[in-house]
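Every chain is numbered from 1 and lettered A, B, ... according to where its sequence line falls, protein lines coming before strand lines. All values derive from a computational prediction rather than experimental measurement.
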Amino acid sequence: MPLSLYNTLTRSLQPFTPADPAHITFYSCGPTVYDDAHIGNFRSFLIADLLRRFLESPLCTLTTSSGAPHTGPRTVTHVMNITDVGHMTDDAEGGENGQDRMAVAGQRLAEAKKSGKLPADVSIDPRDPYAIAAYYASRFQGDARTLGLKLALEAQSKPTLMPRATQHIDGMIAVIAALISRGHAYAVGPAGQQTVYFHVPSFAPYGALSNNTLDGLRAGEGGRVNAANQSEKKHPADFLLWKSDPSHIMKWPSPWGEGYPGWHIECTVMSAASLLAPGEFARRLASPDTSPALIDLHSGGEDNIFPHHECEIAQSACAFCTTPSHNTFARHWFHGRHLMVEGQKMAKSKGNFFTARDLFAKGIEPAALRLELIRTHYRSNANFTMQGLADCQRMVDRWRRWLDSATTSGPASPAALESQARFAAAMHDDLNIALALAELNGFTSSISNPTTGDAETFRGCESTLAILSLPRPAAQTTSIAAYAPGVTPSDEIESLLAQRRDARAAKDFKKSDEIRDALAARGLAIKDIAGGKVEVSRKS
RNA sequence: GCCCAGGUGCCAGAGUGGUCUAAUGGGACGGAUUGCAAAUCCGUUAUUCGUCGGUUCGAAUCCGACCCUGGGCUCCA
């Protein structure tokens, strides 16, 4: 059975049918770089990565537009933008509290620098928005690579796969100009200080993605509309394409005045510029054609459905297509639900806010974090818990042990091939990851003495999850101990462990237990492992 | 108020009309092992699927109403 995926646009499960099944174009809305990405951001990106990896897996079958199955080989060009334009934080109070997000990040960095919280090797000018953006972008890419985001690994040698908004301002201006010339956008205000809006009523299908109607979208119901801006729009739903504002921290010249682009236009430009064939961006902008859709797949978090993706559809369809419609931009819309933490909404004020780097610093293994973030079906709110992370670590360890035990060469057993088929069937069913994981667990538990062929078959499934291929943080070992990642060896610990070793040798178990308790009081758990060493880890 | 996605056992999370007294992982409990632990292995652990009503020979699964959670209604993955 070919891959069936939920399409937000049709609100139904449907076969994923790319224009060319051998080469899929996929755009994911990426992070803003005013701060470190948190684990909720990464869940969204990793879900997209899971889909991308499954599409490229030999186990994946797709449906072609003629209805025939397509089994591969297949490549996916996956692009993710990095938003480095300083958008505004908040204008709920009519704009008075709105601050430039990049300026806020700069203030935060300046404070961190002052209080010595920045690593010594970091020397950036907190007043330079480009430096701030570059700083956080590089940290994001590092975290993404650590978590096995294939796109981030590829982007090391092909940076155009992760385009920056600030590098596409010319394209944005060109698209805005084209939208104005076709009657889909208009500029207001005195010459040289104009604001440009997309005119939503000019695109009848607006609302198709989020299933909103213009009437249903009560202007300002979410409390985030700037009343002053509302009055100059032709329609309350019209949205910003260009804002002239010479006081903005990041600004560019444009036909409408010096200022900055709207939030939605960057994805329209970067998806088309990165995924259309070379030269097509300019050609289609000059003379739109009737091609059915620009790209195959578009993903993002559920909060992007409205307004961001709704607006992208309107802009892209109107800029590049002669008969703009709700499905002339992306063929399939893929949205992941949000991540909860310990049953609650993740929020800095609740103290349950984690970045990937926070967790790595605590000694959490990237493989365990990746599994915890992808193990729940993408259309359910996932609940991130420390217990869940521990569960995942154990699952990863068990898989590794099983693979390590596959030393006798031989072909894959029928049981292995059956497990593989069941794994693939689960993934074809709207990426039923939880069932797929259950099949993988059944795989290892049903075959107690795996052959190399069994192990290869298992790896064939697992390469879609891409958990076991992640680098394993090396334990720091001394003559007496192996320290788990996140634990810093010290002379004190070494000395206690030596005393314990001597006490045990003398069968003074009372003393050895006291030492174990003393280490526990310092938050350290120990266990005796093979080779006479002691493994020291953080107490969970 | 409107639009979307959900609500399953101690936890996480599959299952969308009979094979479900509910997969899988974890937890807990018991056993093996261990000086004791840890790890590992073996076994046990829910007549129950948000609530109420309905359809059906049969419902976790379909229908209706209601309750709750998360997202959106122009910052957000």
Side-chain angles (χ1 to χ4, degrees), chain A residues 6 8 11 28-32 34 37-48 83 87-92 98-99 101 200 207 209-213 215-226 229-230 236-240 262-264 299-308 310-311 335-340 342-346 371-372 375-377 379-385 387-395 397-398 401 426 429 432-442 445 448 504 507-510 512-513 516 520 525-530 534-535 537:
Chain A
Y6 187 84
T8 310
R11 282 173 295 285
S28 291
C29 276
T32 53
Y34 315 123
H38 54 68
I39 54 174
N41 300 123
F42 277 113
R43 162 157 140 106
S44 172
F45 304 144
L46 290 176
I47 282 168
T83 296
H87 293 292
M88 304 305 276
T89 49
D90 169 274
D91 53 8
Q99 275 182 290
R101 296 169 65 102
V200 167
L209 182 71
S210 57
N211 200 29
N212 282 309
T213 60
D215 289 340
L217 290 167
R218 293 204 214 156
E221 195 67 35
R224 291 174 187 167
V225 179
N226 180 325
N229 291 346
Q230 277 308 87
D238 291 353
F239 57 89
L240 188 76
W263 171 44
H264 311 301
S299 78
E302 61 178 316
D303 53 335
N304 281 156
I305 297 170
F306 190 91
H308 188 51
E310 199 74 79
C311 294
H335 291 100
R337 256 58 232 187
H338 276 183
L339 181 75
M340 316 281 286
E342 305 287 351
Q344 291 198 299
K345 232 163 117 167
M346 179 165 62
L371 180 55
E372 170 71 355
R375 72 203 279 227
T376 304
H377 191 259
R379 265 187 308 125
S380 299
N381 285 128
N383 190 14
F384 174 90
T385 63
Q387 178 63 54
L389 208 45
D391 293 357
C392 288
Q393 181 69 63
R394 293 176 68 117
M395 218 187 290
D397 289 343
R398 189 153 30 76
R401 266 200 310 278
D429 180 14
N432 189 340
I433 183 74
L435 185 57
L437 287 171
E439 299 300 356
L440 239 35
N441 284 320
S445 64
S448 47
R504 293 184 74 219
K507 300 219 182 294
D508 183 356
F509 297 120
K510 185 168 178 287
S512 78
D513 287 352
R516 184 167 61 206
I526 59 169
K527 67 180 180 191
D528 298 310
I529 57 170
V534 181
E535 185 184 288
S537 57

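Residue A:Ala382 is in sugar-phosphate contact alone, with no base atom involved, counting any heavy-atom pair closer than 4.0 Å across all strands shown. Residue-level contact check: A:Lys507 touches neither bases nor backbone, having no heavy atom under 4.0 Å from any strand. If you check every strand for non-hydrogen atoms under 4.0 Å, A:Gly388 touches nothing. Base engagement by A:Leu339 is indicated by at least one non-hydrogen atom pair under 4.0 Å involving a base atom. Residue contacts shown for A:Phe384 are absent, as no nucleic acid heavy atom lies under 4.0 Å away. A:Arg504 comes within contact range of at least one nucleobase, with a heavy-atom separation under 4.0 Å.
The ring of A:Phe306 does not lie on top of the base of B:rG72; it is either too far (5.5 Å or more) or too tilted (30° or more). Residue ring and base: A:His338 counts as stacked with B:rA77 (centre distance below 5.5 Å, interplanar angle below 30°).
Put simply, A:Ser210 has no side-chain N or O that comes within less than 4.0 Å of OP1 or OP2 on B:rC4. Taking only side-chain nitrogens and oxygens, A:Asn441 never comes nearer than 4.0 Å to OP1 or OP2 of B:rU24. In terms of phosphate contacts, A:Tyr6 brings a side-chain nitrogen or oxygen within less than 4.0 Å of OP1 or OP2 of B:rA5. Neither OP1 nor OP2 of B:rU40 sits under 4.0 Å from any side-chain N or O of A:Arg398.
The CG-C1' distance, from A:Leu240 to B:rC75, rounds to 13 Å in whole Å. In this entry the distance linking CZ of A:Arg337 with C1' of B:rC3 reads 12 Å, nearest Å.
Side chains of A:Glu310 and A:Ser210: a donor-acceptor N/O pair is present below 3.5 angstrom, by distance only.
Side-chain proximity of A:Asn212 to the nucleotides B:rA77, B:rU24, B:rG72 is greatest for B:rG72. Here the side chain of A:Ser512 is nearest to one of B:rG35, B:rG71, B:rA5, namely B:rG35. Candidate nucleotides B:rG25, B:rG71, B:rU40 were compared by shortest atom distance to the side chain of A:Arg394, and B:rU40 ranks first. The listed nucleotides are B:rU40, B:rA14, B:rG70; the one nearest the side chain of A:Thr376 is B:rA14. Of all nucleotides listed (B:rC36, B:rG70, B:rA77), B:rA77 comes nearest to the side chain of A:Ser44. Distance from the side chain of A:Asn432 is smallest for B:rG15 among the nucleotides B:rG15, B:rG13, B:rC4. For A:Asp513, taking side-chain heavy atoms from C-beta onward, the closest of the listed nucleotides B:rC36, B:rU69, B:rG71 is B:rC36.
In this structure, A:Phe239 and A:His264 have perpendicular ring planes: the angle between them is above 60°, well past the 30° mark.
For A:Arg11 against B:rC4, no side-chain N or O and base N or O form a donor-acceptor pair under 3.5 Å.
The residues A:Arg394 and A:Asp397 are annotated as not salt-bridged, no charged nitrogen and carboxylate oxygen being separated by less than 4.0 angstrom.
Figure legend: cation-pi geometry between A:Arg379 and A:Tyr6, with NZ or CZ positioned under 6.0 Å from the six-membered ring centre and within 45° of its axis.
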